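See below for the structure under consideration.
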Amino acid sequence: MEKIRIDRFLSSQLGISRGDAKKLLRGGVVTANGAPVSKAEQTVDAGADLVAVGGKALSYKKHLYIMMNKPPGVISASRDPKEPTVVDLLPEELKRPGLFPAGRLDKDTTGFVLLTDDGVFAHEILSPRKHVPKNYTARVGRRLTEAEEERFRGGMTAGGVSYAPALLAFAGADETDGTFLYSVTIREGKYHQLKLMFAALGAPILRLHRNRIGGVSLDPALAPGQARELTREELFSVRNTADFR
Ligand code: URA
């Protein structure tokens with residue numbers, strides 16, 4: 001049983017402010033189990049009571065878990081006075097108070113960002129002890145030597161910071177612009193980690209894209225800037241990805 005005030009319930013499930021929720025209540029369009037509700041302080045059992053607005057039942061979701069294909073030029077934050085954020089990009093139906101990115105990509109990095117309002121989940125997947133692997137495609141200007149690849153894989157130190165062993169595989173050359181692609185998997189999330197690792201090898205990253213978090217791949221149907229909820233299977237998979245070591 002999870003009793004919460006109806007104005008809070010409406011605000012979280014519809015992604016509207018508490019003030020707008022109160023307006024809906026005053027408007028006489030809200031019912032709980034078929035009975036009209038107009039008082040903001042009335043409580044509902046969020047998991048059991050059937051709340052409807054204008055006759056349309058709301059299906060209760062305690063938390064949201066969202067996959068976004070982050071475009072370049074957008075920052076991984078909830079809000080920012082100057083720059084567009086991943087939360088700003090969410091469509092109205094996925095917006096609700098308290099959403100934040102669980103793990104950051106740099107402003108120019110593209111690809112898979114997970115957004116949620118579940119702090120416990122975010123902590124779980126970001127905790128260094130969990131070792132949730134993240135896979136990226138890194139584009140660089142030259143091919144690494146075998147010795148450099150081994151240095152990368154073995155757990156290297158760059159600029160006084162040590163990084164755990166990582167997976168690295170050459171993924172081909174792009175003849176259109178003379179660049180080289182690497183598939184990289186790391187299980188940490190240190191500041192500018194991949195850029196600093198490649199730069200330390202003398203092959204700075206030109207473009208970086210995140211493909212996978214744990215066992216879940218970015219949906220290829222999502223154009224840059226688009227987002228959708230994770231399926232139950234995807235959510236399970238992110239939570240239960242085995243360490244790759
Ligand atoms: N490593 C980086 O350097 N930048 C990112 O955005 C992600 C990983």
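Since the structure is predicted, the reported quantities are computational estimates derived from the model, not experimental observations. Whatever order the structure lists ligands and atoms in, that order sets their numbers, starting from 1.
Side chain to side chain, T116 and D118 fail the donor-acceptor criterion of an N or O pair below 3.5 Å.
Other residues, nucleotides and ligands contribute only 12 or fewer heavy atoms inside 6.0 Å of the CZ atom of R104.
How far CG of L90 is from CG of L64: 9.0 Å, rounded to the nearest 0.5 Å.
Sorted by chain and number, the residues within 4.0 Å of ligand 1 by heavy atom are L105, D106, T109, Y136, H192, Q193, L194, K195, L208.
Take Y182 and apply the ring pair (Phe, Tyr, Trp, His ring centres under 6.0 Å) test, not counting sequence neighbours, and it matches F170. In this view, D80 satisfies the side chain to side chain donor-acceptor pair (under 3.5 Å) rule with no residue, not counting sequence neighbours. For the ring pair (Phe, Tyr, Trp, His ring centres under 6.0 Å) test, residues two or more places apart in sequence or in another chain that qualify with Y60 are F9.
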